[in-house]
2 protein chains.
Amino acid sequence: MGSSDHRTTARILDILETIASVQDGVSLSDLSRSLAIPKSSLHPLLCTLAERRYLHYLQREERYYLGENVFVLGNKYVNNHDILEQIKDVMQQVNQSTGETLYFGVLSKRDVLYLAKADLHSQFRVVSNPGNKLPAYSTGYGKALLSQFMPDQIHSLYPEGDLKPLTPQTVRNVEQLNVQLEGIRATGFAYEKGESTTGIQCVAVAIKVEGQVLAGMSIAVPEFRYTKEREEQFKTLLDDARAQIQRIIAGNRSQWIYSGEYNR
Amino acid sequence: MGSSDHRTTARILDILETIASVQDGVSLSDLSRSLAIPKSSLHPLLCTLAERRYLHYLQREERYYLGENVFVLGNKYVNNHDILEQIKDVMQQVNQSTGETLYFGVLSKRDVLYLAKADLHSQFRVVSNPGNKLPAYSTGYGKALLSQFMPDQIHSLYPEGDLKPLTPQTVRNVEQLNVQLEGIRATGFAYEKGESTTGIQCVAVAIKVEGQVLAGMSIAVPEFRYTKEREEQFKTLLDDARAQIQRIIAGNRSQWIYSGEYNR
DNA sequence: GAACACTGTTCCTATATACGAACAACAAGG
DNA sequence: CCTTGTTGTTCGTATATAGGAACAGTGTTC
């Protein structure tokens, strides 16, 4: 449990994350500069990562790119267990009866990690793909997930107090956020009104099993299709789907590996 | 380009791969035994990986699992570029007009890595998910990809000569494989008859840009729905989709990062 | 309840790795 | 053509890391 920092391990992760964050590859010297690691130290690490296909080195460009095996490894995170497939089935039923997109995700520190979606019957192109992270306070299901925390916990999660906004609609400070979270705890529903993407509104719920909030789910709707009447329909469907998913998770508790935080 | 083996890097990858290969997590001592690394050496590596959320440690089980960030990293491999989305669109058109599932993948050493599929309008549950690898010789698009190699190259790829079969229908040695590859080069189409999954037949093509084979694509059909007439339809549609995809890749050549081998 | 098997943890030094500097290979610019 | 900028590569030693052995919990067995 000790928080011993192993430099080499941290470096390898830094390397992979740096290369992942850039579209057009990174050269050895680029990496050396941006991570403040000598080229001579970097070199053997990169060679081994490339040999194992976690990186590709394009000689003609003198640049490193991610290799296939990060994709292979990353997919093992979701493919080893079929619980997510069952959850997606439930989401697809709601998607089918509403025509709107469903999102499902978990908390990763202060971010919300988007694990799955259902948008087979939706009219719009995908906005985002699984594997992406967003600040929890900026999304509907992020706020549903945060609603498990009391004001003081939220304060210690965001010691700065200010929240970086993604759109003009995003909550800007912890006090406002806490007011919203109180409302979510009272009603069981979280709302997002263009706070992560302008023009998109969401209704969201928290997935709770044995008193622990494990995940969040939202339905995302373009503003111009969002009415009070439909909102009631979304809430009914979401609440029903929530119950089904909670039963699925409760029945496969050991398969739930998607949020380490709460089952230590 | 030197193949210097960096022990620590190799160990970290071994750790991640070992944990990924098991359903129910691995304990520190398990890892120590299976990788022949002292527990005391393993310990700081695992702590750092867990701190960075590439692993989760469940205290009540005393076991390590994959963490979210392997998923985040792995998805960057496909999400950074939208070329795959365009390719999926083409595949979905074929899927819509046939009702059968389309697969798309690239070569990774001797394996075929499955990158995308289109099965919105298919009658059967998913067999496999993206991120999986299979022996190239056992699948239709794998053989399409291998067809770029001449007999002597195939021999040096499989020095043993024998090929481990997945089903009774899988090719069992390099000589038989070379005969099939010759046929694929002549006709442009590869066939799979229950060689990776009993009861599933495939027609496949190689995606070729500027003389380089970059990817493979197949249409997978249950045996009982497979007829000579439909086969002709599949070939026409596949060939057309192949041409479209080749144009997409040619127009976004710099976005193609999915097979390091051939563009060094 | 003592003995054992199993976890994970800590310590200290032998040893493998990291790093500065020097080198090579190539391109751009004057 | 020499300069100055890239790029990656190679060395030898200073230094950080690895690993044996001992320790500390927890659960099971007899």
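Lettering of chains follows the sequences in order, A, B, ..., and the numbering in each one begins at 1.
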Revision key, fill the gap. Here the distance between atom P of D:dT26 and atom CD of B:Gln59, to the nearest Å, is 11 Å
Practice item. Figure out the CG/P separation between B:Leu42 and C:dT9, and round it to whole Å. Key: 12 Å
Exercise for review: May I ask you to evaluate whether B:Ser29 reaches the phosphate of C:dT7, defined as a side-chain N or O under 4.0 Å from OP1 or OP2?
Suggested key: yes
Exercise for review: Ignoring backbone atoms, test whether B:Arg33 places a side-chain nitrogen or oxygen under 4.0 Å from the OP1 or OP2 oxygen of C:dT7.
Suggested key: yes
Study note, to complete from the structure: Here the distance between atom P of D:dA16 and atom NE2 of A:His6, to the nearest Å, is 13 Å
**Study point:** Phosphate OP1/OP2 of D:dT26: any B:Arg60 side-chain N/O under 4.0 Å
**Key:** no
Check your understanding: When you measure from the side chain of B:Ser27, which nucleotide among C:dT7, C:dG20, D:dG19 comes out closest?
Key -> C:dT7
Check your understanding: What nucleotide among C:dC19, D:dG8, C:dA18 has an atom nearest to a side-chain atom of A:Leu45?
Key -> C:dA18
Check your understanding: Nearest-Å distance, CG (A:Leu28) to P (D:dT6)?
Key -> 14 Å
Check your understanding: Taking side chain as C-beta onward, heavy atoms only, is A:Val72 less than 4.5 Å from B:Glu17?
Key -> no
Review point. Counting just side-chain N and O atoms, does B:Thr8 come under 4.0 Å of either OP1 or OP2 of D:dA18?
Key: yes
Exercise for review: Remember a base hit wins even if backbone is also touched, and classify A:Ser41 as base, sugar-phosphate or nothing at under 4.0 Å, heavy atoms.
Suggested key: base
Exercise for review: Please state how far atom CD in A:Glu61 lies from atom C1' in D:dT7, giving the value in whole angstrom units.
Suggested key: 14 Å
Point to revise | Spacing between B:Ile12 atom CD1 and C:dT17 atom P, to the nearest angstrom | key: 12 Å
Point to revise | Options C:dT17, D:dT7, D:dT17, nucleotide nearest the side-chain atoms of B:Arg7 | key: C:dT17
**Study point:** Nearest-angstrom distance from the residue atom NZ of B:Lys39 to P of D:dG19
**Key:** 14 Å
Practice item. Find which nucleotide of DNA chain D each of A:Tyr64 and B:Ser40 is nearest to by heavy atoms, and output the residue with the more 5' nucleotide. Key: A:Tyr64
Review point. So, do B:Tyr141 and B:Phe104 have ring centers that fall under 6.0 Å from each other?
Key: no
Check your understanding: Which listed nucleotide (D:dG19, C:dG8, C:dG20) is nearest to the side chain of A:Pro38?
Key -> C:dG20
**Study point:** Validation row: B:Leu49, B:Ile15 side chains within 4.5 angstrom (heavy atoms)
**Key:** yes
Exercise for review: Select base, sugar-phosphate, or nothing to describe what A:Arg63 touches, counting heavy atoms under 4.0 Å on all strands.
Suggested key: nothing
**Study point:** Ring geometry between A:Tyr77 and A:Tyr258 (parallel below 30°, tilted from 30 to 60°, perpendicular above 60°)
**Key:** perpendicular
Point to revise | A:Ile37 CD1 - D:dT15 P separation (whole Å) | key: 19 Å
Check your understanding: Taking everything shown except A:Lys133 itself, do over 12 heavy atoms lie less than 6.0 Å from its NZ?
Key -> yes
